[in-house]
Amino acid sequence: MRSTIEVLPETLANQIAAGEVIERPAAVVKELCENALDAGAHRVEVDLAGGCALVRVRDDGTGMSPGDAQKSLERHATSKLRSKDDLFRIATYGFRGEALPSIAAVSRFTLLSCEHGALSGTRIEVEGGRLVSVAEAGAPPGTTVEARDLFFNVPARKKFLKRIATEQTHAIEAVLRLAVPRPDVDFTVRESGRVLLRLARGERAAVREERAAQALGSEVAGKLLPFEATVRGIRAHGLAASPSVEHSSARAVWLFVNGRAVRDRQLGHAVLRAYGEVMPHGRFPAALVFVEVPPSEVDVNVHPAKAEVRLADPRAAYEAISAALGAVLAPGIFVALESGAPPSPSGTYAPVAVERTAFRAGDSIGAHSAAPALAPELLQPPRYFAGLRYLGQLHRTYLVCEGRAGLVLIDQHAAHERMNYQRLRRAARDRGARAQPLLVPHLVQVSSATASSLLDSIPALEAIGIEVEPFGNGSAAIKALPALLSHLPAAKLSGLLADVVEELALHGKGESAAHIEDALLARAACHASVRAHDDLAEGEARALLAALDDTDYGARCAHGRPVVAEIGVPEIEKRFGRDYDVRRGLLE
């Protein structure tokens, strides 16, 4: 049977359009709060009740005239655009005339708006997309939008909603994602009159840190450092949480482009890549990352809810995030911050982007040196490790030290592994000095599994400076090694070869070559490092401590495990039942 083409009724078209944007109460909250911010509001109040029973957003923005209030409920009506060129320099959150008809199509809707200085306002009621009434009404300056019985006329969508507490959580998060970049605006969220969230406006830095704790969790309090970098006109800045704050997913990485909360795989990868040096495998960081781009260089209309954007130069944004985060993560400033070490003379921790020469490994721990800073105009971060007083070894595994905050334990293997990893990676990046040919190839025995995978692994091994070829009968000939590994005896080389081949098998073809190479180097660094239960002379231990300050990411091993742990004096005194006066540092 031949079908005919019909034009959909306006109400049905609006309901379909609403489905693209209004998927749950939190989406209504987001759209209405964005409209409030675009209207210049300094105060935004959100009231919720019973999940879908009520969503109300009140603001003190510019308000609308009677004519504009009625036009705002028409499809494609907006005060934000005048020509197609405006689409390519959008500096607002959205279009009031786009969100309102979508919300009104799936709720019992009321709009009350009044311009500043006007004697009265306008009240409009809509039910399921059908206009019910338009009347003059008394109203405070600003706009109040109320959506009751959300999805009452589209029950198929309503049945997919979660329990009330879950929908509340989504609504609060929607408000937080708008509040974090707007410290100049008060936000309040209530549920049936009970305050769920109250964010007062104030001085930018203090408010942003307070809102970061609301967004990322209270555990980030006191563990945040600002970062900033600009690449080709794109600025990345924000607050990075200490690597000690770990999550099981990337949910605590919040991205903003020109103040708009977005999802972006490439920008998110830049954050995870920067933290990859200091986070254990499978654990994720917390950070607020703001990317500032000229409006003409970003397209915000690639997603119905504007949750995704397209950048003209995404690589510059990636590089800006990487540079900014690397500057605070690499020098290990968080260790000093969390230990209570004093900041630089300026009163803040100012990170330096440096290329450092890491600790030299051999049969014993040797000398170290640091290359000149790449950004000499910035202040050097505190030398935390060099300021520790070395006391001795614990179980020939941990270096025991005294620090400002109390007892400090250093994992000697993790510390040495981080330094060796830095040196191996530098050598691998230097194409002229990747491998050191051996006068006589090392012949090592390998397992049948390693032998069968060896041929396919040769290119990857060569990339990190290991030249090897199968030799038959369960053996392999190692012909060249990075200088850092050349001292290892044949017995250890066999284990090294098996480990890096095994590591290679763990990585899929979709991963970048650089990521796989780093994983192989981390495995190799482990074999070149001092082990637990190895004796270290006092001079070796002191050299290791001093070298950590000159090693990027020195507070974490190559696999992301902590290098250092502190036990504060108050905790020690508590164990002995004594009181500690934190202000005076006196024992009672």
Side-chain angles (χ1 to χ4, degrees), residues 355-369 371 412-413 415-507 513-531 534 536 540 543-544 547 551 557-559:
E355 182 66 22
R356 293 182 168 89
T357 301
F359 190 84
R360 295 185 177 277
D363 293 329
S364 62
I365 299 176
H368 67 282
S369 61
Q412 64 190 40
H413 172 71
H416 201 197
E417 180 186 271
R418 163 54 65 180
M419 298 174 193
N420 287 333
Y421 171 67
Q422 291 289 113
R423 292 194 66 224
L424 283 170
R425 188 163 68 167
R426 187 173 294 109
R429 300 295 187 265
D430 182 358
R431 297 185 176 272
R434 277 189 174 174
Q436 178 174 304
L438 303 177
L439 292 177
V440 178
H442 282 300
L443 198 62
V444 296
Q445 295 298 124
V446 294
S447 68
S448 56
T450 300
S452 64
S453 303
L454 194 55
L455 198 59
D456 292 334
S457 305
I458 287 176
L461 296 179
E462 288 180 349
I464 65 169
I466 300 176
E467 294 182 13
V468 62
E469 63 180 29
F471 206 69
N473 297 323
S475 64
I478 299 178
K479 304 169 70 175
L481 287 168
L484 189 64
L485 305 176
S486 60
H487 71 284
L488 294 178
K492 284 195 172 183
L493 287 176
S494 177
L496 165 66
L497 195 58
D499 259 11
V500 293
V501 170
E502 178 188 359
E503 181 70 33
L504 190 60
L506 296 175
H507 296 271
H515 185 266
I516 295 173
E517 186 175 299
D518 286 346
L520 296 179
L521 291 171
R523 284 278 190 130
C526 182
H527 285 267
S529 304
V530 295
R531 300 282 185 167
D534 283 350
L536 290 185
E540 294 175 321
L544 178 55
T551 303
C557 80
H559 298 92

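Keep in mind the model is a prediction, meaning the values are calculated, not measured. Note that the numbering runs from 1 along the sequence shown for the chain.
Residues passing the side-chain hydrogen bond (donor to acceptor under 3.5 Å, both in side chains) test with H442: none are found, sequence neighbours excluded. Judged as a side-chain hydrogen bond (donor to acceptor under 3.5 Å, both in side chains), and not counting sequence neighbours, the contacts of S447 are T450. For the side chain to side chain contact (heavy atoms under 4.5 Å, CB included) test, residues two or more places apart in sequence or in another chain that qualify with A522 are Y421, A558, H559. K492 meets the salt bridge (Lys or Arg N to Asp or Glu O under 4.0 Å) test with no other residue; sequence neighbours excluded. Judged as a side chain to side chain contact (heavy atoms under 4.5 Å, CB included), and not counting sequence neighbours, the contacts of D534 are Q412, V530, R531.
Taking all atoms of both residues into account, the shortest heavy-atom contact from A528 to L485 is CB-CD2, 3.5 Å. P459 approaches D456 most closely through the heavy-atom pair CD-O, 3.7 Å. What you find for S486 and L481 is that their closest heavy atoms are CA-CD1, 4.1 Å. Closest approach of A480 to P437, counting heavy atoms only: CB-CA, 3.8 Å. Nearest approach of E517 to A428, heavy atoms of both residues: OE2-CB, 3.8 Å. Smallest separation of non-hydrogen atoms from L424 and P482: CD2-CB, 3.7 Å.
Rounding to the nearest 0.5 Å gives a distance of 5.5 Å between CG of L520 and CG of L504. Interatomic distance, R425 CZ to L484 CG, rounded to the nearest 0.5 Å: 14.0 Å.
Looking at R418 and S529, their side chains never come closer than 4.5 Å, going by heavy atoms from C-beta outward. Side-chain atoms of L461 and L454, non-hydrogen and from C-beta on, do get closer than 4.5 Å to each other.
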What side-chain donor-acceptor pairs closer than 3.5 Å can you find for residues 493-503, not counting sequence neighbours?
residue: S494; atom: OG; partner: Q445; partner atom: O; Å: 2.5
residue: D499; atom: OD1; partner: R523; partner atom: NH1; Å: 3.3
residue: D499; atom: OD2; partner: H527; partner atom: NE2; Å: 2.8
residue: E503; atom: OE1; partner: R523; partner atom: NE; Å: 2.6
residue: E503; atom: OE1; partner: R523; partner atom: NH2; Å: 3.1
residue: E503; atom: OE2; partner: H507; partner atom: NE2; Å: 2.7

Run the side-chain donor-acceptor check on residues 465-476: report pairs under 3.5 Å with partners two or more places apart or on a different chain.
residue: S475; atom: OG; partner: G472; partner atom: O; Å: 2.6

